[in-house]
2 protein chains.
Amino acid sequence: MTSSAQVMAVCAALGDETRWQILERLGRGDHSASALAEMLPLTRQAIAKHLAALQAVGLVESYRAGRELRFRALGAQLSATARALEEIGAAWDRRLAAIKTVAESLSEQD
Amino acid sequence: MTSSAQVMAVCAALGDETRWQILERLGRGDHSASALAEMLPLTRQAIAKHLAALQAVGLVESYRAGRELRFRALGAQLSATARALEEIGAAWDRRLAAIKTVAESLSEQD
DNA sequence: CTGATTTGCAACCAGATGGTTGCATATGAT
DNA sequence: ATCATATGCAACCATCTGGTTGCAAATCAG
């Protein structure tokens, strides 16, 4: 189950340009904070903070490789969040469709 | 088409507790900023700002009803964002699966 | 017209957040 | 052992952002 608070937290993590740039790189290959710092116009520490934020909501996981700590993008969390949003959106649309139906049945009095 | 920047903007809008509370109310019925202010422990102006943010990314739309301005939750934008995230998540998982396959074929040398 | 209600706008404030620099610590290679 | 490289931690800073108050303007009702 994906709680409502979890969905919000993941969205908050995804609501940042820099974090998306990091995720785009990680989506194509694992990298350490230092490696990412060489690809992006940012300090390693700034990137480390973003990676921590992403890891906190399960969008990324880390593993040691020698003396470096590599990060990997996790599709599972993203997909779970997507499904939760899809459901909520569908519920909103169902409500609107129901209202429209009522409006149409009322206008049948013409 | 849903651009990458759009997805980020929608996520940013969804990354806020108060905004979710507003959306939850709007998901069950249309309301004006003033009406929402009576349901939530917030000033009307605070709510108006949030509604503007939600409207800016297409999660909500407004219409006049007499002297009040009512807001309605739009499922379409939420669903579109969900599909975009789902695709990205799937791409990440495909990459991981491919790597795993390579690893397995290498270990067949035992 | 008058009064009540609702929206709209601007200024202001405190705390969160994205980013930096600097230094300490750990680990791999020679 | 030594040197280079990578991570970890803390302090600090500027800006963004969520929220407030106050007031003006528009609109419906009597």
Side-chain angles (χ1 to χ4, degrees), chain A residues 4-26 29-74 81, chain B residues 4-26 29-74 81:
Chain A
S4 168
Q6 269 284 359
V7 173
M8 192 199 71
V10 171
C11 286
L14 292 177
D16 179 276
E17 165 77 23
T18 306
R19 237 118 59 192
W20 274 104
Q21 291 179 351
I22 291 174
L23 287 174
E24 198 221 326
R25 295 309 200 295
L26 291 183
D30 301 353
H31 296 292
S32 67
S34 301
L36 287 164
E38 286 174 3
M39 312 179 201
L40 300 171
L42 280 175
T43 321
R44 172 186 60 88
Q45 287 84 341
I47 292 184
K49 281 192 195 174
H50 285 300
L51 287 171
L54 292 170
Q55 188 164 30
V57 297
L59 282 170
V60 136
E61 75 180 358
S62 66
Y63 60 94
R64 284 222 99 90
R67 73 180 138 185
E68 63 184 321
L69 188 62
R70 296 226 186 97
F71 289 82
R72 166 166 43 222
L74 297 178
T81 302
Chain B
S4 167
Q6 270 283 3
V7 173
M8 191 199 72
V10 171
C11 287
L14 292 176
D16 180 274
E17 165 76 24
T18 306
R19 236 118 62 193
W20 274 104
Q21 291 178 351
I22 292 175
L23 287 174
E24 197 220 329
R25 296 307 200 296
L26 291 183
D30 301 354
H31 297 290
S32 68
S34 301
L36 286 165
E38 287 174 1
M39 313 179 201
L40 300 171
L42 279 176
T43 320
R44 171 186 62 88
Q45 287 83 342
I47 291 183
K49 281 192 196 174
H50 285 302
L51 287 171
L54 292 171
Q55 189 164 29
V57 297
L59 282 170
V60 136
E61 76 180 358
S62 66
Y63 61 94
R64 284 222 100 90
R67 74 179 137 186
E68 63 183 321
L69 188 62
R70 297 228 185 95
F71 290 83
R72 168 170 36 227
L74 297 179
T81 303

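Residue numbers start from 1 in every chain, and the chains themselves are labelled A, B, ... in the order their sequence lines are given, proteins ahead of strands.
As rounded to whole Å, 15 Å separates atom P of D/dA6 from atom OH of A/Tyr63. Atom CZ of A/Arg44 and atom C1' of C/dA26 are 12 Å apart (whole Å).
Between C/dG19, D/dA6, D/dT20, one nucleotide has an atom nearer to the side chain of B/Ala46 than all others, and that is D/dT20. Listed nucleotides C/dT6, D/dG19, C/dG8 differ in distance to B/Arg64; the shortest reach to its side chain belongs to C/dG8.
At least one donor-acceptor pair closer than 3.5 Å links the side chain of A/Arg19 to the backbone N or O of A/Ala13. Although no hydrogens or angles enter the test, the distance criterion places a donor-acceptor pair under 3.5 Å between the side chain of A/Ser32 and the main chain of A/Ala35.
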Between the protein and nucleotides 28-30 of chain C, list every N/O to N/O distance that falls short of 3.5 Å.
none

What N/O pairs connect the protein and nucleotides 15-18 of chain D at under 3.5 Å? Give each pair on its own line.
none

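The residue among A/Glu68 and A/Gln45 whose nearest nucleotide of DNA chain D is located toward the 5' end is A/Glu68. Take the nearest nucleotide of DNA chain C for A/Ile47 and for B/Glu38: the residue whose nucleotide is more 5' is B/Glu38.
Using a 4.0 Å heavy-atom cutoff across all strands shown, A/Arg70 reaches no nucleic acid atom at all.
For the pair B/Thr43 and D/dG19, the criterion of a side-chain N or O lying under 4.0 Å from OP1 or OP2 is not met.
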